[in-house]
Number of protein chains: 4
Amino acid sequence: MDMPEEKSGGDTVTARPRRRQARGERRIAQLLEAAATVFCTTGYTAASTSSIAREAGVSPGTLYQFFPNKEAIAVELGDQLLKRWHATYGEALTPAHLELPLEDLLDAVLDPLIQFNFENPAFGVLMHGSDIPGHISLEHDALHSAALTRIEEILAGYLPDAPRADTARTARMVFTVFKGGLDLILAAEPAEREAYIAELKTVLRRYLDPLVGCL
Amino acid sequence: MDMPEEKSGGDTVTARPRRRQARGERRIAQLLEAAATVFCTTGYTAASTSSIAREAGVSPGTLYQFFPNKEAIAVELGDQLLKRWHATYGEALTPAHLELPLEDLLDAVLDPLIQFNFENPAFGVLMHGSDIPGHISLEHDALHSAALTRIEEILAGYLPDAPRADTARTARMVFTVFKGGLDLILAAEPAEREAYIAELKTVLRRYLDPLVGCL
Amino acid sequence: MDMPEEKSGGDTVTARPRRRQARGERRIAQLLEAAATVFCTTGYTAASTSSIAREAGVSPGTLYQFFPNKEAIAVELGDQLLKRWHATYGEALTPAHLELPLEDLLDAVLDPLIQFNFENPAFGVLMHGSDIPGHISLEHDALHSAALTRIEEILAGYLPDAPRADTARTARMVFTVFKGGLDLILAAEPAEREAYIAELKTVLRRYLDPLVGCL
Amino acid sequence: MDMPEEKSGGDTVTARPRRRQARGERRIAQLLEAAATVFCTTGYTAASTSSIAREAGVSPGTLYQFFPNKEAIAVELGDQLLKRWHATYGEALTPAHLELPLEDLLDAVLDPLIQFNFENPAFGVLMHGSDIPGHISLEHDALHSAALTRIEEILAGYLPDAPRADTARTARMVFTVFKGGLDLILAAEPAEREAYIAELKTVLRRYLDPLVGCL
DNA sequence: GATGAATGAGGATTCATTCAT
DNA sequence: TATGAATGAATCCTCATTCAT
């Protein structure tokens, strides 16, 4: 009756809409960008929350107002990159592509992916996970399994009759080869870049050609 | 045989320096073994010198009597593993192998390598380097370039007329694929292991077959 | 009635300031209730202003609009509890009670007090002060000295001829025993509660009986 | 054979005797003393490990070489004080004391205890626990239950036929009264001290007299 | 050589409090 | 007013490295 502000808006019913101010959204974007930079510079393991905050030009406390810990930053960054990927290039692969010869499919899939990784190098860092062998940490799980699932889908489209286990194994191998090749491409001197891109496509084409051929 | 520098400094008596040396060698071996264990468990970045010392059953001070810092431990461990590799399987690849069909060559090269990696998982950890993208740290450089050089030699044996740059690129790609595949193999459940080994060989065979064929 | 200072500042219209005041009172009550809850859950020292604000469903900024710091919250909460005590049970002790035998007086004093503490557990928390020995922090001073004064008055009623210093000492001892006993009672399992209440009364009765008897 | 140092001493069998150097022992004593000081000054909750280290004149790292966290310091300090108590006054209470009249027993028990608390004020701080109501933290548990058990034993000596539950309750009440009285004594001005000591004894004597009398 | 002690900077995280909107 | 953002000092704790014995 005398607290009119609590009547306004239909949000009294829901539990505290936790409405975020525009400034906050900007800070989050800033922090994620800073995190991407730091992850790329020092790697995930060695990245410190302070360095991320410093890179973002804010105090440590501010970072913790938006993220509970380092892992959450990585997770959020991964999510954001995934979204950005879908928004930018995600539609590039239509069902029609699956009708193309393998060589063209690889172009259609890899070129945007490589392009995206050049524009967002943190993507690759997060895909790799930490340096503990055989251990994909939770942080990067989403990215990792999203990629894997996508590859499996494409493969299953080509090879609907292959046993699941085989497709899964092939998908893993393809993903692994891709990650490795991507590293090579990103690390290569500009003059060598195209050659490495071609080489990665060659590996994958030769690997997959017989599979697709038996279609 | 390969430690002539340790003969220098002829102390007074005969037996003493030998003894001391032997103890030192033992300590170093102890420490390197501990380092291998710790690197495999926690990864290189997260490994602490104290944990290595503890694992080796010595005090931190002792560790620093033999190694100036953490990186030196990794370097030395890499060297040792390389030596061990040469001592154990190094001779397996005779010039005669180069006459074999590719499939057999891959068996001859990869099987011992995979076997060795199962026995010395630290090998793989060191080959990978830290999680900084495009950055092979000094620690693992020796391992890395030794492997690369070896692959280049083999490739050059098969393709003596190919341009250097091409061979180098192919070698890098082969090495990268191998590292990725090895991870998959080591991480796979025992039941899946053989299948992943076969898959890795398949990738490499299909990749290299056309190159070798044009011989 | 007891907030005349809030009438000052006669703004333009009539209804506005009243409204604002009422809302403020509500917020303060909200915050104090939240503070009581948090103090009881985590103790005063570990209670954070943010947690109090969160518990009250407001932002930290809002809290600081009504209280300059954490201590002020405790002080205000103490005042409020004291007022509530007076309003609820304060009149229970009429001069007539002082004519009663000690046993009945103890019942008359302790039962409502214990009851009140069950209903307002923050009362006890504030009475105790922090865990710094020999140090009743300012926050809880009001509560503390109000209680002490009250006990002294009652004792003085019984023992008008006793030296001040003695009465003061006895009052302190009574208060201390009461606080300790209250803790025991509040911490006891329900089945044991009555027994602990009886025990506390026993201690005090036996302690005070000789004093009162010499009346 | 060439590591003679490992043959010396029969300690090769046991798992690393973790032999502590004299300096270390001294540091531990220093740190515990510093902790006692800080606990008494600021209370347990507000005491920080850095302040303890600073008080001891060492770096934070040094503290953590001997104690894994703040709680461990409190536990160790409690143990040490308990040992010191037993070593200094522990033998004061012989079975013969139980034959004494209550008044003398109280003198025999309380005087050394009070004396010890004057000499070791941290004892009281640890006995009290944190400021969370109804919550004796693990840190002080040992001290707390040791005291309680002792009181129960004495009471059981006097009242062998009383039900366990009653003795336990009485013991708790006695302990609580003692703790409260002790605080009063320690906080009192020197001139008042003796009077408060007498007062505490009076409370306890009057409380326990009837129990003992009914023997 | 070996040990355990010592260091101090750096890391993650919290929190009382202030500020801009 | 109310909000959420911002701060920065302080907390606990770790670690590579050095030192005294």
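It should be emphasised that the depicted structure is a prediction, and the values quoted were computed from it without experimental measurement. Quick note on labels: first sequence line is chain A, next is B, and so on, each numbered from 1.
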Looking at [options], which one has an atom nearest to any side-chain atom of [X]?
X      : options                  : result
S50(A) : dT17(E), dA12(E), dA6(E) : dA12(E)
K70(D) : dT3(F), dA16(F), dC12(F) : dC12(F)
R23(D) : dC12(F), dT3(F), dA6(E)  : dA6(E)
S59(A) : dT7(F), dA2(F), dT18(E)  : dT7(F)
R27(A) : dT13(E), dG8(E), dA5(F)  : dA5(F)

Can you check the [X] [atom1] to [N] [atom2] distance for me, whole Å?
X      : N       : atom1 : atom2 : value
L63(C) : dG4(F)  : CG    : C1'   : 14 Å
F67(C) : dT1(F)  : CZ    : P     : 13 Å
I28(B) : dA2(E)  : CD1   : P     : 10 Å
F66(C) : dT18(E) : CZ    : P     : 16 Å
R54(D) : dT11(F) : CZ    : C1'   : 11 Å

Do the side chains of [Y] and [X] get nearer than 4.5 Å, heavy atoms only?
X      : Y      : value
E71(C) : Y44(C) : yes
L77(A) : F39(A) : yes
N69(C) : T49(C) : no

Residue met sooner reading DNA chain E from 5', once G57(D) and N69(C) are mapped to nucleotides: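 Result of the comparison: G57(D).
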Does [X] put a side-chain nitrogen or oxygen below 4.0 Å from OP1 or OP2 of [N]?
X      : N       : result
T62(C) : dT1(F)  : no
T49(D) : dC12(F) : yes
Y64(D) : dT14(F) : no

Pairing stems for DNA chain F [at least three consecutive pairs; Watson-Crick or G-U; under 3.5 angstrom]: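 Runs of three or more consecutive pairs: E:2-21 with F:2-21.
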Partner of E55(A) by side chain to side chain contact (heavy atoms under 4.5 Å, CB included), out of T41(A), T37(A), L31(A):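 Option passing the side chain to side chain contact (heavy atoms under 4.5 Å, CB included) with E55(A): T37(A).
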Earlier contact from the 5' end, DNA chain F, for Q65(C) and S48(D):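 Of the two residues, Q65(C) wins.
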Touch class at under 4.0 angstrom, heavy-atom based, for A47(A) against every strand present: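 A47(A): backbone/sugar contact only, no base atoms under 4.0 Å.
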